[in-house]
Peer 1: 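Quick one: this structure, given as structure tokens, is what I'll be asking you about.
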Amino acid sequence: MKPGARLMKHYLQFKDFRAEEYSYLFERALIIKQRFKNYEKYQPLTDRTLAMIFEKASTRTRVSFEAGMYQMGGSVVHLTTGDSQLGRAEPIEDSARVISRMVDLVMIRTYEQSKLERFAAHSRVPVINGLTNEYHPCQILADIFTYIEHRGSIQGKVVAWVGDGNNMANTWLQAAEILGFTVHVSTPGGYEIDPAVAGIKNPDCYRVFADPKEACAGAHLVTTDVWTSMGYEAENEARRQAFANWCVDSAMMAEAQPDALFMHCLPAHRGEEVTADVIDGPQSVVWDEAENRMHVQKALMEYLLLGRIGG
């Protein structure tokens with residue numbers, strides 16, 4: 001390794017970083033957000049290029065990464081399935097070798113985590129997981145930053161996950177193990193979390209509840225997601241029936257702490273996974289949560305490309 005060179009890091013799942021790295025990222029995200037709010041120009045990534053590869057549709061992921069990179073002084077190359085479908089025209093490994101010679105950073109939003117890992121294994125630049133079937137680390141990064149903004153440290157707190165045992169649930173479990181909080185998980189039968197996919201080593205970081213109201217009891221944060229994630233649309237009607245009792249409503253929120261927050265990664269279907277009075281109510285911080293995707297991802301890109309600022 002050349003003198004002064006840094007070991008390249010990828011961000012493929014939440015457990016790729018240590019607790020002290022997250023403390024640094026949250027501090028940087030706050031500074032970067034304050035600069036943004038104060039209209040202070042901050043462009044440490046001038047002449048750097050981010051390639052964004054989308055095999056799954058996106059609104060928040062695209063806008064947050066693209067706007068964030070431009071605000072940091074960089075450029076963006078946007079690729080969709082019509083432009084570059086991983087593994088279709090050429091092996092994923094070859095795509096990684098080529099694309100990573102032309103850009104400084106790659107964000108991929110795709111289906112199987114294995115595609116992301118194969119790309120990263122042959123990339124010369126850092127790779128970020130913008131969402132896979134298994135994990136959604138950038139969203140949980142934003143969610144925890146939002147909690148810290150509103151309520152302080154999440155260590156020792158209880159997060160209630162109500163709904164599907166999906167990529168969000170898997171990532172919440174990883175975050176709980178690393179950052180020292182507990183997740184109460186409640187899913188319908190047949191849609192449980194798979195601890196092996198989450199890859200956690202400490203089973204005490206989560207508890208499973210058959211009754212979603214019991215999962216919400218004493219929680220500091222209640223959160224959910226759509227019942228049918230992208231790629232599972234064929235199961236939509238079966239899921240609608242199975243999840244009927246897992247709609248986060250005022251009764252569930254009443255079981256949580258009086259000052260509990262509500263989060264949803266969006267898009268939301270009012271009347272399905274959450275009632276309108278909850279998502280549009282005083283405990284909801286979903287709009288701060290959505291905006292914070294951009295701020296934490298700016299901190300993440302800065303860290304992956306420049307390392308720690310100021311030491």
Side-chain angles (χ1 to χ4, degrees), residues 14 26 29 33 59-61 64 131 136-173 175-176 179 181-188 191 193 206-229 239-240 243-296:
F14 200 90
F26 295 138
K33 181 175 182 177
T59 299
R60 279 151 296 277
T61 296
S64 59
L131 176 143
H136 199 358
C138 289
Q139 182 64 58
I140 302 304
L141 190 65
D143 292 1
I144 294 173
F145 177 67
T146 305
Y147 185 88
I148 292 169
E149 271 194 316
H150 285 267
R151 296 288 185 265
S153 174
I154 199 169
Q155 185 174 9
K157 302 299 192 296
V158 173
V159 175
W161 176 262
V162 177
D164 191 14
N166 61 8
N167 51 6
M168 287 284 291
N170 293 334
T171 309
W172 270 116
L173 262 57
L179 299 180
F181 60 92
T182 304
V183 181
H184 287 184
V185 179
S186 183
T187 70
Y191 299 94
I193 56 167
Y206 75 100
R207 293 178 60 194
V208 175
F209 295 81
D211 184 342
K213 287 183 70 174
E214 291 183 8
C216 293
H220 301 86
L221 167 62
V222 178
T223 184
T224 189
D225 192 5
V226 295
W227 290 341
T228 306
S229 298
R239 284 172 173 264
R240 191 188 303 274
F243 284 78
N245 294 326
W246 274 261
C247 175
V248 179
D249 57 17
S250 56
M252 286 190 198
M253 293 301 298
E255 296 293 323
Q257 296 285 340
D259 64 344
L261 300 177
F262 172 78
M263 293 188 195
H264 190 306
C265 61
L266 304 177
H269 301 129
R270 290 166 176 79
E272 290 189 12
E273 72 274 3
V274 60
T275 57
D277 63 316
V278 169
I279 194 170
D280 298 318
Q283 291 174 277
S284 174
V285 291
V286 297
W287 315 121
D288 291 342
E289 177 190 4
E291 177 190 335
N292 282 337
R293 280 288 301 276
M294 183 176 73
H295 304 303
V296 297

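Bear in mind the structure is a predicted one, so any value in this text is a computation, not a measurement. What you see below is based on every heavy atom in this structure, not just the backbone, and it leaves out hydrogens, waters and symmetry mates.
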Peer 1: Please, which pairs that meet side chain to side chain donor-acceptor pair (under 3.5 Å) have at least one residue in residues 253-266, sequence neighbours excluded?
Peer 2: His264-Glu273
Peer 1: Contact between Thr146 and Glu291 at the side-chain level, heavy atoms closer than 4.5 Å - yes or no?
Peer 2: no
Peer 1: How long is the straight-line distance from CG of Leu221 back to CG of Leu261, given to the nearest 0.5 Å?
Peer 2: 6.0 Å
Peer 1: Any chance you could measure Tyr147, atom OH, to Phe26, atom CZ, to the nearest 0.5 Å?
Peer 2: 13.0 Å
Peer 1: Is any side-chain heavy atom of Met253 closer than 4.5 Å to a side-chain heavy atom of Val248?
Peer 2: yes
Peer 1: Could you tell me whether the side chain of Arg293 and the main chain of Ala142 form a donor-acceptor pair under 3.5 Å?
Peer 2: no
Peer 1: Between Thr182 and Val158 (side chain of the first, backbone of the second, donor and acceptor by atom type, cut-off under 3.5 Å), is there such a pair?
Peer 2: no
Peer 1: Please check: side-chain N/O of Ser186 versus main-chain N/O of Phe209, any donor-acceptor pairing under 3.5 Å?
Peer 2: yes
Peer 1: How far apart are the closest heavy atoms of Thr187 and Gly165, and which atoms are they?
Peer 2: CG2-N, 3.8 Å
Peer 1: If every non-hydrogen atom of Trp161 is compared with every non-hydrogen atom of Ala169, which pair is closest and at what distance?
Peer 2: NE1-CB, 3.5 Å
Peer 1: Could you check whether any side-chain N or O of Asn170 sits under 3.5 Å from a backbone N or O of Leu173, counting only pairs where one atom can act as donor and the other as acceptor?
Peer 2: no
Peer 1: Quick one: are Tyr206 and Val159 in side-chain contact, heavy atoms under 4.5 Å?
Peer 2: no
Peer 1: Please find the pair of heavy atoms, one from Phe14 and one from Pro137, that lie closest to each other, and give the distance.
Peer 2: N-CB, 3.7 Å
Peer 1: Taking all non-hydrogen atoms of both residues, which atom of Ala219 and which atom of Ala215 are closest, and how far apart?
Peer 2: CB-O, 4.5 Å
Peer 1: Might you point out which heavy atoms bring Pro188 and Gly163 nearest each other, and give the distance in Å?
Peer 2: CD-O, 3.6 Å
Peer 1: Are any non-hydrogen side-chain atoms of Phe262 and Thr223 less than 4.5 angstrom apart?
Peer 2: no
Peer 1: What's the spacing between Gln139 CD and Leu266 CG if we round to 0.5 Å?
Peer 2: 7.5 Å
Peer 1: Tell me, with the steps shown, if Asn292 and Glu289 meet side-chain contact (heavy atoms from CB on, under 4.5 Å).
Peer 2: CA-CA 5 Å; Asn292 282 337; Glu289 177 190 4; 5.8 Å; no
Peer 1: Kindly indicate whether the side chain of Asp225, heavy atoms from C-beta on, has any atom under 4.5 Å from the side chain of Asp164.
Peer 2: no
Peer 1: How about Cys138 and Val296: do any of their side-chain heavy atoms sit closer than 4.5 Å?
Peer 2: no
Peer 1: Does the side chain of Tyr191 come within less than 4.5 Å of Trp246's, by heavy atoms?
Peer 2: no
Peer 1: Kindly indicate, with the supporting measurements, whether the criterion side-chain contact (heavy atoms from CB on, under 4.5 Å) is fulfilled by Cys247 and Trp227.
Peer 2: CA-CA 9 Å; Cys247 175; Trp227 290 341; 4.3 Å; yes
Peer 1: Is the backbone N or O of Ala160 less than 3.5 Å from a side-chain atom of His184, with the two atoms forming a donor-acceptor pair by type?
Peer 2: no
Peer 1: Please check this pair: side chain of His220 against backbone of Ala260, looking for a donor-acceptor N/O pair closer than 3.5 Å.
Peer 2: no
Peer 1: Checking the side chain of Ser64 only, and the main-chain atoms of Arg60 only, is there a donor and an acceptor separated by less than 3.5 Å?
Peer 2: yes
Peer 1: Taking Asp249 for its side chain and Met252 for its backbone only, find out whether a donor-acceptor pair lies under 3.5 Å.
Peer 2: yes
Peer 1: Any chance you could measure Ile144, atom CD1, to Gln155, atom CD, to the nearest 0.5 Å?
Peer 2: 12.0 Å
Peer 1: Return the minimal non-hydrogen interatomic distance between Val278 and Ser284, and the atom names on each side.
Peer 2: O-CB, 3.4 Å
Peer 1: For the NE2 atom of His150 and the CZ atom of Phe145, what is their distance to the nearest 0.5 Å?
Peer 2: 9.5 Å
Peer 1: As an exercise, state the distance from CG of Asn167 to CG of Leu131, rounded to the nearest 0.5 Å.
Peer 2: 5.0 Å
Peer 1: Could you go through the side-chain contact (heavy atoms from CB on, under 4.5 Å) check for Arg270 and Thr275 one step at a time?
Peer 2: CA-CA 5 Å; Arg270 290 166 176 79; Thr275 57; over 6 Å; no
Peer 1: Where the side chain of Thr224 meets the backbone of Val162, is there a donor-acceptor pair that is under 3.5 Å apart?
Peer 2: yes
